[in-house]
Amino acid sequence: MVLHNDTQISEFLLLRFSEDPEVQPLLFGLFLSMYLVTVCGNLLIIVAVSSDSHLHTPMYFFLANLSFADISFTSTTIPKMLWNIQNQSKVITFEGCLSQIYFFLLCAELDDFILSAMAYDRFMAICHPLHYTVIMNPRLCGLLVLVSWVISALNSLLQSLMLLRLSFCTGMEIPHFFCDLNQVVGHACSDTFVNDMVMYFATVLLGGAPLAGVLYSYSKIISSIYKISSAQGKYKAFSTCASHLSVVSLFYCTGLGVYLSSAATQSSHASAVASVMYTVVTPMLNPFIYSLRNRDIKRALKGIIGDPVM
């Protein structure tokens, strides 16, 4: 395919997982099922937290926001992919690509910040229990979420607007099933030095800071748990953050796995399959992790579906 420089490009071509027509219905059914499970599972968490007064605490407030971010996260990529599979198309408009990048970055960063806020909440609950209710008041919790939204939105807007200064090539195929910022910038026909610097700076600052907060919080949590004399006390303290620790590990491990797989192999299909882990699988598993290990969530969900609460 001959590529021509075109600053006014109107569309890109996205990667397909398979070109085999017989496989397309299977892929459509698989991703549709995963998307519906993700949306329904996270919606149940939001409804459970909203409807049960026992769950009106900082931990569940952050959990409800995390569920909303996860729904939005998957909704930026999967519906477009399903549409393309159903219509046997690979096309996404330039405006659609720009919008997808904006909302993808927004939701990914929001996930990152909320997980960090949840780690801080567990740190206060375990390491400073006497001051917990005073410090983790509704005003602070709301402020943490608001700041997360503002920072994520501003960075996403900056990264998206930076794409407007680049020129692209007509007929360009993005080796991904969605418009990934790194892939789009890397395949531009003009100089991308400024974009790369802004992108790397944002990754280090906005990605590294929340991760550092999570690591610091859990280092203090582990230290506090270790000092508890009774085994029952240690188990009780650890159980309050086990679900969050599982979600944090899943989020960062899958993200790191995608980065390493992209760096280690030039196969676009391998990178796309790895990306499914953090764009689809992780948001789908989060509700199960919290509901299966949490009695309060189980009780609230039983109340929603009409089962008697024991």
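Only a predicted model underlies this, so the values are computations on that prediction, with no experimental measurement involved.
Under the 3.5 Å distance criterion, the side-chain polar atoms of Asn42 are left unmatched by any main-chain donor or acceptor of Val39. Between the side chain of Ser67 and the backbone N or O of Ile46, no donor-acceptor pair lies under 3.5 Å. Between the side chain of Ser219 and the main chain of Tyr216, a donor-acceptor pair closer than 3.5 Å is present. Between the side chain of Asn155 and the backbone N or O of Leu206 there is no donor-acceptor pair closer than 3.5 Å. Between the side chain of Gln100 and the backbone N or O of Cys179 there is at least one donor-acceptor pair closer than 3.5 Å. Without hydrogens or angle criteria, Ser152 side chain to Trp149 main chain gives no donor-acceptor distance under 3.5 Å. Judged by distance alone, with hydrogens and angles left aside, the side-chain atoms of His187 form a donor-acceptor pair with the main-chain N or O of Gln183 at under 3.5 Å.
Between atom OG of residue Ser223 and atom CD1 of residue Ile126 there is a gap of 11.5 Å, rounded to the nearest 0.5 Å. Note that SG of Cys241 is 10.5 Å distant from CG of Asp121, once rounded to the nearest 0.5 Å. A distance of 9.0 Å separates OG1 of Thr192 from CE of Met197, quoted to the nearest 0.5 Å. For the atom pair CD1 (Ile78) and OG1 (Thr279), the distance works out to 5.5 Å, reported to the nearest 0.5 Å. Rounding to the nearest 0.5 angstrom, the gap separating the CG atom in Leu14 from the CG atom in Asp180 is 11.0 Å. Remark: Met284 CE to Ile289 CD1 distance equals 10.5 Å, nearest 0.5 Å.
Considering only heavy atoms from C-beta on, Leu245 comes within 4.5 Å of Phe238 through its side chain. Contact annotation: the side chain of Phe94 never approaches that of Glu11 to less than 4.5 Å [non-hydrogen atoms, C-beta and beyond]. Contact of the Phe103 side chain with the Ser156 side chain is not registered, since no non-hydrogen atoms from C-beta on lie closer than 4.5 Å. Pro58 has its side chain within reach of Tyr132: a pair of non-hydrogen atoms, C-beta onward, lies under 4.5 Å apart. Looking only at side-chain heavy atoms (C-beta outward), Leu63 and Leu55 stay at 4.5 Å or farther from each other. Counting heavy atoms from C-beta on, the side chains of Leu164 and Leu98 come closer than 4.5 Å. The side-chain heavy atoms of Phe177 and Asn84, taken from C-beta on, include no pair separated by under 4.5 Å. Two residues are said to be in side-chain contact when any heavy atoms from C-beta on lie closer than 4.5 Å; Ser217 and Arg122 fail this criterion.
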>> Run the side chain to side chain contact (heavy atoms under 4.5 Å, CB included) test on Cys97 and Ile174 for me, step by step, so that the C-alpha distance in whole Å, both residues' side-chain angles and the decisive distance to 0.1 Å come before the verdict.
In response: CA-CA 10 Å; Cys97 188; Ile174 301 172; 4.1 Å; yes
>> Between Asp70 and Asp111, does the side chain to side chain contact (heavy atoms under 4.5 Å, CB included) criterion hold? Intermediate values first, please.
In response: CA-CA 7 Å; Asp70 282 341; Asp111 259 9; 2.8 Å; yes
> Going through the checks in order, is the side chain to side chain contact (heavy atoms under 4.5 Å, CB included) test met by Met199 and Leu181?
Replying inline: CA-CA 9 Å; Met199 187 166 51; Leu181 175 64; 3.6 Å; yes
> Ile151 and Glu109: side chain to side chain contact (heavy atoms under 4.5 Å, CB included), yes or no, with the steps?
Replying inline: CA-CA 9 Å; Ile151 295 177; Glu109 290 161 6; over 6 Å; no
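Remark: Lys80 fails to qualify as a cation-pi partner of Phe178 under the 6.0 Å distance and 45° angle criteria applied to the six-membered ring.
Of all non-hydrogen atoms in Ile228 and Lys234, the two that sit nearest each other are O-CE, 2.7 Å. In this structure, Cys107 and Ala69 approach most closely via the heavy-atom pair CB-O, 4.0 Å. Heavy-atom minimum distance, Asn286 versus Leu66: ND2-CD2, 4.5 Å. When every heavy atom of Asp191 is checked against every heavy atom of Arg165, the shortest pair comes out as O-NH1, 3.8 Å. Minimum heavy-atom separation, Pro129 to Cys127: CD-C, 3.4 Å. The minimum heavy-atom distance between Pro210 and Ser116, with the atom names listed, is O-OG, 3.5 Å.
One hydrophobic cluster holds both Leu144 and Ile135 under the rule that ILVMFWY side chains link at heavy-atom gaps under 4.5 Å. The hydrophobic clustering, which links ILVMFWY residues whose side-chain heavy atoms are closer than 4.5 Å, places Leu215 and Ile222 apart. Both Phe113 and Val147 are members of a single hydrophobic cluster when ILVMFWY side chains are connected at heavy-atom separations under 4.5 Å. When the side chains of ILVMFWY residues are joined at heavy-atom separations under 4.5 Å, either directly or via intervening members, Leu140 and Val214 end up in a single hydrophobic cluster. Side-chain heavy atoms closer than 4.5 Å link hydrophobic residues (I, L, V, M, F, W, Y) into clusters, and following such links, possibly through other members, connects Leu115 to Phe288.
Side-chain contact of Ser230 with Tyr235: a donor-acceptor pair under 3.5 Å is absent, judged by distance alone.
Residues forming a ring pair (Phe, Tyr, Trp, His ring centres under 6.0 Å) with Tyr102 (at least two apart in sequence, or on another chain): none.
Annotation: His244 is in aromatic contact with Tyr218 [ring centroid separation under 6.0 Å].
Relative ring orientation between Tyr120 and Phe123 is described as tilted, the plane-to-plane angle lying within the 30° to 60° band.
Counting only residues at least two apart or on different chains, the ring-ring contact (aromatic ring centres under 6.0 Å, His included) pairs with a member in residues 42-90 are Phe73-Phe104.
Summarising the local packing, NZ of Lys90 is surrounded by more than 12 heavy atoms from other residues, nucleotides or ligands at distances under 6.0 Å.
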